Amino acid sequence: MRIKSALAAAAIVALAAGCGGGGGDAGSGESAKPGEPVKLNFLSLAWQKESVAANKQLVDEWNKANPTIQVTYVQGSWDNVNDQLVTSFEGGDPPDVIHDDSPALSGFASKGYLLDIKDKVPADLKSDIPQPAWDTVTFDDGKGNQGVYGVPFLQESQVIIANKKLLDAAGVRVPTSDNPWTWDEFAEVSKKLTKSGSFGVAWPMKSPVNKTLNLALNFGGTFFQTTDGKTTVKVGPEEKQVLQRIHDQLYKDKSADTSALGMGTADPLPGFFAGKYAMLPVGVYLRQQVVEQAPKGFDWVTLPPLKGTSSDQGAVSQTLSVAADSKHPEESLKFISFFLNGTNQAKLAKGDWLLPTSAKAAADPAMTTKENGWDVATASAKNLVVAPFLKVNGFDEWKSKVATPILQQYFANKISIDDAAAKLVADGNKVLERYQR
Amino acid sequence: MTATATRPPQTRRRRPSGVSRQNREMWVLMLPALVPVLLFSVGPLLYGIGLAFTDAESGRNHVTSFVGLENFGTLLADEEFWASIRIGLIWAVSVTVLQFLASLGLALLLNQKLWLRGLARVLAVVPWAMPPVVIGLMWRLVYHPDAGIVNTTFGTDINWLADFSWALPAIIVMGVWSGMPQTTIVLLAGLQGIPKELYEAGEVDGAATWRKFWSITLPQLRPVIVTITSLDFVWNVNQFTLVYVLTQGGPGGRTRLPMLFAYEEAFRYGFFGYAATMGVTIVIVVLGLLGFYLWRQMREAS
């Protein structure tokens with residue numbers, strides 16, 4: 001019942017917006033009158049305190065410099081942004097400038113909700129951001145044309161945060177960005193660091209999918225293949241590498257704590273500070289929490305990404321997009337170009353402890369300092385390639401209905417790797433099928 | 001009717017028109033009340049049912065077309081959905097039954113002449129006054145793996161809401177707690193409506209407490225019990241907010257109630273038509289179960 005009333009409400013909203021849209025055209029005609037500033041809504045998903053402050057400060061700066069284009073900061077949340085956006089897109093009244101990430105853009109692009117900005121990005125912004133980053137926002141528009149649906153600005157790589165004292169005590173080689181650990185070396189070191197009551201590594205696997213898929217590229221594991229325009233799930237020897245290696249650490253080497261499996265990314269931190277875990281494979285942004293919460297005198301270090309056959313990692317980006325329904329697309333793009341220029345990206349990256357896509361920002365001294373592992377983090381950006389799952393329609397459903405439960409069961413040692421692989425493929429293809437009609 | 005019966009026969013011919021005029025007046029008078037019902041209840045309902053027969057999807061590239069019973073066919077073969085219905089029924093039945101038992105106990109207690117009875121009655125209603133989102137957040141703290149009161153009290157080390165086998169029991173406990181006030185209040189009202197004479201007569205015949213409960217209280221409460229358990233069942237099947245806030249259907253779909261499933265289908269994956277089909281199917285399943293329950297209760301009662 002409730003769902004039906006909700007749908008009906010959505011329909012009414014859509015109707016009302018449809019009527020409003022007619023009036024809105026007249027409205028935009030009005031706002032073209034001289035002296036009337038153009039008004040833009042900017043939906044931001046910044047949530048860390050420093051990052052919210054950086055966002056708001058940039059908006060203020062813009063509003064002062066551009067009295068004719070006034071931007072309103074609207075706070076959103078990662079938890080429900082995509083549900084919220086679907087309803088506002090369907091209602092025809094979305095925010096003009098939208099902060100989101102590339103997995104979400106893929107779906108929105110094919111549904112026609114977002115503006116293709118391929119030929120509209122100013123040249124200096126375009127050249128400041130390398131092509132691999134643009135690849136993370138290039139999608140099919142649902143009719144077979146490729147378009148660019150956002151400006152990528154923050155990326156996350158997987159690094160290893162380690163307890164320096166325990167590393168030194170075990171006398172292991174400290175890897176550098178030019179000479180990182182291989183997965184084999186990592187397994188050896190983890191074993192060395194495991195003693196009674198403490199473990200070499202903790203794998204927090206509450207949400208295992210993106211993490212394993214991004215790391216799987218170390219061995220060329222893509223998890224999806226497209227033949228004749230039809231995308232299917234693939235779990236072969238390349239894909240199994242990382243899965244098996246993590247599993248081995250948990251159950252064969254016993255160098256990883258099985259009780260950390262149910263944890264979210266930040267949950268093992270207390271154990272890490274207490275010396276229970278020597279290393280945490282996590283996203284670069286977790287450094288912020290380490291800095292903030294570590295006890296005084298706790299010595300930690302950021303280690304570069306591991307190397308399989310390569311150090312490639314799947315990357316997704318945080319993005320700023322313009323809604324297809326926006327009445328002021330040009331002004332929106334002007335704002336985005338200002339917001340994401342090199343200097344500002346460095347501020348945003350610093351606020352979120354993530355990697356900027358802008359080459360200028362990456363060269364900023366704040367991004368290359370040894371302090372808090374920024375040098376290692378920024379260097380790891382060169383390993384980022386576009387995550388193959390980005391281009392898969394229906395990935396979100398595959399992830400939540402198929403991959404998450406199966407991977408959780410596999411890491412909990414409840415099913416074998418072959419069963420897991422078979423189910424990922426069979427159940428997964430069933431899900432993908434309805435997106436390819 | 002009594003008026004026409006006493007009138008002489010010749011006026012009978014005029015009765016139909018008189019009735020229809022009365023009818024007309026009645027409709028005119030009811031119209032202001034009917035309009036909102038039609039507009040906000042019947043309209044959306046019909047629209048929702050209509051959607052179930054289309055392939056409506058989110059996105060402006062999609063043209064919605066009528067697909068007949070195709071959605072229902074797909075749904076019948078959709079194991080995920082039936083798994084979710086199963087979870088929904090386990091949830092609804094156990095919450096309703098446990099809620100009823102706990103509330104009956106509480107109502108019997110609050111019906112006694114206790115010290116501070118007034119205060120206790122007020123306290124029993126507290127969960128009712130809390131918005132579901134607050135309840136959800138509160139229970140998230142209760143079940144928190146490190147700081148939660150459950151793990152601290154029992155010395156366990158379980159991540160209740162992330163554990164495959166514990167998540168469903170954990171949310172059932174919360175469901176029971178949050179729904180107890182209305183059940184307790186209704187049962188308490190029912191208890192107070194039982195005539196004292198019956199108990200006095202029982203005492204004269206030498207009935208023990210247990211016998212009085214079994215032969216007087218329960219039969220007298222029966223209509224109330226049937227009503228409140230049916231209502232509770234419907235409410236519980238349709239529960240959304242509590243579970244959405246607490247687990248969002250996780251881990252791995254172990255707490256994905258049918259309503260949550262339909263919501264995800266519509267607003268996360270964008271298949272509006274298919275989600276409407278689920279809504280219609282849930283209504284049919286609930287009506288079927290409820291009809292069976294009420295039919296049995298009535299047959300036993302008569």
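Because the structure is a prediction, the values reported are computed rather than measured. Values reported hereafter were calculated over all heavy atoms of this structure, with side chains retained and with hydrogens, waters and symmetry mates removed. To find a chain, count down the sequence lines: A is the first, B the second, and so on, and within it residues start at 1.
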Query raised in the report: Looking at A/Arg434 and B/Asp55, does any basic side-chain N land under 4.0 Å from a carboxylate oxygen?
Result: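 Result for this pair is no, no salt bridge flagged.
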**Report entry** Salt bridge present between B/Arg268 and A/Asp396 (N-O < 4.0 angstrom)
**Finding:**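 The answer is yes: the pair qualifies as a salt bridge.
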How about [X]: does its [atom1] atom have over 12 heavy atoms from other parts shown lying under 6.0 Å from it?
X: A/Lys423; atom1: NZ; answer: no
X: A/Lys206; atom1: NZ; answer: no
X: B/Leu294; atom1: CG; answer: yes
X: B/Trp166; atom1: CH2; answer: no

Which atom of [X] lies closest to which atom of [Y], heavy atoms considered:
X: A/Ser400; Y: B/Tyr269; value: OG-OH, 2.6 Å
X: B/Gly59; Y: A/Tyr113; value: N-OH, 2.7 Å
X: A/Asp83; Y: B/Tyr244; value: OD2-OH, 3.7 Å

Query raised in the report: Among residues 259-267 of chain A, which residues come closer than 4.5 Å to chain B, judged by heavy atom distances?
Result: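 Against chain B, the residues of residues 259-267 of chain A that fall inside the cut-off (heavy atoms, under 4.5 Å) are A/Gly262.
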Query raised in the report: What distance do B/Glu57 atom CD and A/Glu90 atom CD have between them, rounded to the nearest 0.5 Å?
Result: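 Going from CD on B/Glu57 over to CD on A/Glu90, the span is 10.5 Å.
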Report task. Under the side-chain contact (heavy atoms from CB on, under 4.5 Å) rule, what do A/Lys401 and B/Arg256 come out as? Steps first, then yes or no, please. Result -> CA-CA 10 Å; A/Lys401 283 193 185 160; B/Arg256 195 186 282 133; 3.9 Å; yes
In terms of heavy-atom proximity below 4.5 Å to chain B, should [X] be classed as side chain, backbone, both, or neither?
X: A/Gln408; value: side chain
X: A/Asp141; value: backbone
X: A/Lys143; value: side chain

Query raised in the report: Below 4.5 Å, heavy atoms only, C-beta onward: do A/Asp325 and B/Arg60 meet side chain to side chain?
Result: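 Side chain of A/Asp325 against side chain of B/Arg60, heavy atoms only: contact under 4.5 Å found.
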Query raised in the report: Are the side chains of A/Gln409 and B/Phe164 in touch, meaning some heavy atoms are under 4.5 Å apart?
Result: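 Counting from C-beta outward, A/Gln409 and B/Phe164 do come under 4.5 Å.
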